[in-house]
Amino acid sequence: MLACAGARLGLKTHVFAPEADSPAFDVCAARTIAAYDDEQALAAFAAAVDVVTYEFENVPARTAALLAGLRPVRPSPAALAATQDRLVEKELLAELGIATAPYMRVDDAGAMARAVAQFGRPSILKTRRFGYDGKGQALVREGADLAVTFRSLGGGPAILEAVVPFSREVSVVAARGIDGAFAAYDVCENRHENHILKLTTAPARIAPQTAERAVGLARRIAEALDYVGVLAVEMFVVETAAGEELRVNEIAPRVHNSGHWTLDGALTSQFEQHMRAVAGWPLGATDRRGREVEMENLIGEEALAYDAVLREKGACLHLYGKAQARPGRKMGHVTRIRD
Ligand code: AMP
């Protein structure tokens, strides 16, 4: 989608990916299939492009650093490093005075037992790295054996989080330009099924002051990281006696699934916005089209029913061209704009 947005602006995209069947290869001007640690391939890739970006936070930090020695990498390798490790990310948020779920570092079964004693059950164990769509997470239930739970996630570096009693999950998708300009989309609301995002609606049904605070948090994070490009900040909304409060759950240093509604539902899509930002161009307007926009993910075999979506008036179908509709895999999405 970044490549498509770039092409419309006359930008040619060269995709570097380790998988030979990357769907982006269908729509880009040039391709490199190589491992992230193939230094020769990375150098040849850098020589062929003007600027490097990424749409996946698990690109190794060393890969980003190596490329940054050859070409501008936006967002910076430092922003990538700060957001690809849940502990480093939480520490950054703590430094900024931004509330998160209470958490503790868990490096071994002993630390796990101490953390569970602190937060009680249920609590949530998360690997520090490589987690997505609920992978790399385990709920610590009543009666569960702690050592077994710890090992079930591979026994590597992790954190334990207290469960946040949220009323809603929202996210801010925003962009920061090379000149420090900042533009956020409407705060949107996210509903997950089986730990996978199912439905996003914009705007979120939260108080206007809460939405303003949410955007303010995203802006502070973007500024602290000297960020260039689109980022997403996922937050929990908690109802307290004092009103709605926000806890930041996760920062994604990239275009984000909860921003897919902008493809049809905003004046500038998050993908065009990201391409503008990394190209050093002015950011586009983020206004929403319509009264409400909904984005529904097509997960696994749901995507096989695309025919019904095509027959639905006004529904915008996006299929990603992934070869196999495996269970839990995001195969496409539908956006609906409500007037
Ligand atoms: P994550 O991979 O951290 O985005 O977590 C995936 C989903 O698990 C979130 O969107 C929430 O629905 C749920 N979740 C994660 N952490 C917590 C928490 N500390 N308290 C309550 N729910 C959580």
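Just so you know, ligand 1 is whichever comes first in the structure, and atom 1 is the first atom listed for that ligand.
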Please work out, at 4.0 Å between heavy atoms, whether the side chain, the backbone, both, or neither of Ile124 comes within that distance of ligand 1.
side chain

Does some non-hydrogen atom of Tyr132 fall short of 4.0 Å from ligand 1?
no

Ligand 1 atoms in contact with [X] (distance to a heavy atom under 4.0 Å):
X: His192; result: 10 (O)
X: Glu250; result: 1 (P), 2 (O), 3 (O), 4 (O)
X: Glu234; result: 4 (O)

What do you reckon, is CG of Asp50 surrounded by more than 12 foreign heavy atoms closer than 6.0 Å?
no

Over 12 foreign heavy atoms within 6.0 Å of CD, Glu301:
no

Looking at Glu57 and Arg129, is any side-chain nitrogen of the basic one under 4.0 Å from a carboxylate oxygen of the acidic one?
no

May I ask you to decide whether Asp85 forms a salt bridge with Arg128, counting only side-chain N to carboxylate O separations under 4.0 Å?
yes

Name the closest protein heavy atom to [atom], giving the residue it belongs to and the distance to 0.1 Å.
atom: atom 11 (C) of ligand 1; result: Glu169 OE1, 3.3 Å
atom: atom 5 (O) of ligand 1; result: Gln137 NE2, 2.9 Å
atom: atom 7 (C) of ligand 1; result: His195 ND1, 4.4 Å

Flag atom 13 (C) of ligand 1 as yes if some protein heavy-atom distance to it falls below 4.0 Å, otherwise no.
no

Of Arg86, Lys126, Glu161, the one whose closest heavy atom lies nearest atom 15 (C) of ligand 1 is Lys126

Restricting to heavy atoms, the pick from Phe119, Phe236, Tyr103 nearest atom 23 (C) of ligand 1 would be Phe236

Within the structure, does Ala101 bring an N/O atom to less than 3.5 angstrom of an N/O atom in ligand 1?
no

With respect to Ala162, determine whether any N or O atom, backbone or side chain, lies less than 3.5 Å from an N or O atom of ligand 1.
yes

Tell me whether the rings of His333 and Tyr320 are parallel (<30°), tilted (30 to 60°) or perpendicular (>60°).
tilted

Main-chain N/O of [Y] paired to [X] side chain as donor or acceptor, under 3.5 Å:
X: Ser22; Y: Glu19; value: no
X: Glu161; Y: Lys126; value: no
X: Asn297; Y: Ile299; value: no

Taking the ring centre of each residue, are Phe271 and His260 less than 6.0 Å apart?
yes

